[in-house]
2 protein chains.
Amino acid sequence: MKLDILTKTENFDVQKHIIASIRDLINLKNLEPGDKLPSERMLSERFNVSRGLVREAIQKLEFYGLLESIPQSGTFVANIGVIAMNGMIEDILRLEAPDFKSLVETRILLELKTVRLAALRRTEDDLVQMKAALEAFSKKVRNGEDAVQEDLLFHLAIAKASGNSSMNTFMLIITPEIITNFAKYHVCDKGVAEIGIEEHNAIFKAIEDQNPQLAKKKMKEHFKELYKYCYNV
Amino acid sequence: MKLDILTKTENFDVQKHIIASIRDLINLKNLEPGDKLPSERMLSERFNVSRGLVREAIQKLEFYGLLESIPQSGTFVANIGVIAMNGMIEDILRLEAPDFKSLVETRILLELKTVRLAALRRTEDDLVQMKAALEAFSKKVRNGEDAVQEDLLFHLAIAKASGNSSMNTFMLIITPEIITNFAKYHVCDKGVAEIGIEEHNAIFKAIEDQNPQLAKKKMKEHFKELYKYCYNV
DNA sequence: ACTCAATAATTGGTTAACCAGTTCCTAATG
DNA sequence: CATTAGGAACTGGTTAACCAATTATTGAGT
């Protein structure tokens with residue numbers, strides 16, 4: 001049936017098409033929460049695509065909580081009504097890869113919160129890990145080496161200490177992409193790093209002292225320095 | 001090789017184990033950014049698991065930006081150094097399903113930002129969609145029907161109008177889970193909804209008037225009402 | 001010895017056959 | 001007629017064989 005290997009974007013478009021088809025089918029058959037979807041085999045035949053692609057599309061909708069597959073039984077519409085289902089699928093289909101500005105904006109939002117929560121909730125173990133990341137960062141910078149990774153790990157340690165696993169996850173999702181972009185646009189090269197040491201230390205101390213206001217303030221200053229180098233990309 | 005069907009949690013544990021094995025292998029062989037991982041077949045043989053499971057683990061690491069698979073060529077270590085790689089994988093392995101409190105906390109954080117951004121950036125088309133969601137909500141509430149879905153769609157419309165695709169994505173991720181929990185704990189039943197209409201209208205008007213401060217304030221009030229019913233879960 | 005085309009081996013991606021539960025229908029029994 | 005074993009058909013999950021593109025190897029020609 002399939003003749004050639006698809007590129008990733010082609011594959012992505014096909015998946016979108018399948019998702020839209022599933023939505024149409026749900027509407028056509030007036031499927032409600034708990035109702036069973038046609039089997040993967042029937043869907044693949046109906047949409048003229050391989051069963052594997054149908055599976056991937058279903059798994060994506062499962063990721064967003066719209067479907068649920070039960071082994072040896074079937075795939076079921078989640079406990080979300082028709083209206084929400086349509087609205088969410090429309091949004092999912094329209095989603096595009098985030099631009100750099102969105103990423104930075106989101107990172108700042110998340111970190112100004114995680115740093116406050118970390119100041120409130122950090123455990124002794126959190127402090128140990130943050131301290132380790134911080135010293136690894138300082139050491140590399142003083143040696144004149146690139147320390148983007150260590151920088152990142154310090155920020156991730158804060159996210160972990162926030163005790164909010166949602167925000168922690170989201171930080172993990174956006175961080176690699178931010179690093180890649182930083183490297184691509186050659187921001188955060190030498191010079192910025194030395195200042196970064198002091199700023200990191202200040203943030204750490206505020207968290208250690210359980211002073212959320214100060215922690216947030218120091219993080220803001222830290223980002224202000226980044227802004228100057230990064231924002232007009 | 002495999003004898004029985006795994007439950008989802010078992011499968012999840014196996015995947016974690018594979019990811020840890022891949023990390024160990026990267027450390028053992030001192031693989032650096034751009035280096036090639038052993039082939040999927042070799043990994044599956046080495047770890048004594050099926051190739052499909054190896055594939056899923058690789059795809060997960062690809063999702064987090066740590067690996068990159070190139071067809072007919074190989075799987076490569078992303079442009080992230082050894083230190084960051086280890087730190088991130090450790091975090092990924094420790095990640096657990098977010099508790100309800102984390103979800104609510106994150107939702108509030110995101111929405112207090114998206115509502116401000118929406119007030120600044122909303123287009124005419126955004127207004128039309130928000131208005132539609134708002135009226136669908138009002139109509140259902142006045143009929144005494146459950147309107148959780150319409151409520152949600154209004155908030156998602158705001159996220160879309162924020163023009164930040166990262167935050168939009170994150171809202172889409174956490175929203176279904178929040179709805180499920182709301183339904184489970186029977187929060188936001190009758191009574192709250194009527195108040196919700198006015199609050200939604202106020203938020204919409206602030207966005208329409210491009211008044212970010214007011215929009216945020218109204219959203220805060222909206223959540224305050226939710227707090228009373230939801231926070232002690 | 002060196003170059004480079006031909007070929008064999010290897011790669012991630014894809015597909016079809018298979019597996020073990022589940023579901024639904026049937027027919028035998030009370 | 002109602003009930004319930006029994007089995008056939010169907011389900012999502014899994015596996016092994018297959019595909020085309022890439023990469024490594026080889027060997028003939030200069």
Salt bridge (Lys or Arg N to Asp or Glu O under 4.0 Å) against B/Arg51, all qualifying residues, sequence neighbours excluded: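 Partners of B/Arg51 by the salt bridge (Lys or Arg N to Asp or Glu O under 4.0 Å) criterion, ordered by chain and then number, come out as B/Glu40.
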
Taking atom types as modelled and ignoring hydrogens, do the side chains of [X] and [Y] form a donor-acceptor contact shorter than 3.5 angstrom?
| X | Y | value |
| --- | --- | --- |
| A/His17 | A/Asp13 | no |
| B/Thr106 | A/Asn164 | yes |
| B/Ser165 | B/Asn168 | no |

Interatomic distance where [atom1] belongs to [X] and [atom2] belongs to [N] [whole Å]:
| X | N | atom1 | atom2 | answer |
| --- | --- | --- | --- | --- |
| A/Leu43 | D/dT11 | CG | P | 10 Å |
| A/Ile58 | D/dG12 | CD1 | P | 7 Å |
| B/Glu45 | C/dG12 | CD | P | 14 Å |
| A/Gln15 | C/dT14 | CD | P | 12 Å |
| A/Arg55 | D/dT11 | CZ | P | 14 Å |

Report yes if at least one side-chain N or O of A/Asn11 is closer than 4.0 Å to OP1 or OP2 of C/dT14; otherwise report no.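 The answer is yes; a side-chain N or O of A/Asn11 sits under 4.0 Å from OP1 or OP2.
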
DNA chain D: 5'-proximal contact among B/Phe76 and A/Arg51 (nearest heavy atom):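 It is A/Arg51 whose nearest nucleotide is closer to the 5' end.
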
Out of C/dT15, C/dT14, D/dT15, which nucleotide sits closest to the side chain of B/Ser50?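 So the nucleotide nearest the side chain must be D/dT15.
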
Please tabulate the protein-to-nucleotide N/O contacts below 3.5 Å involving nucleotides 8-11 of chain C, giving atom names and distances.
residue, atom, partner, partner atom, Å
C/dT11, OP2, B/Ser39, OG, 3.4

Aromatic ring proximity A/Phe137/A/Phe154, centre distance under 6.0 Å: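 Ring centres of A/Phe154 and A/Phe137 not closer than 6.0 Å.
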
Within this structure, what is the CZ-NZ distance for the pair B/Phe76 and B/Lys36, rounded to the nearest 0.5 Å?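 So the gap between those two atoms works out to 5.5 Å.
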
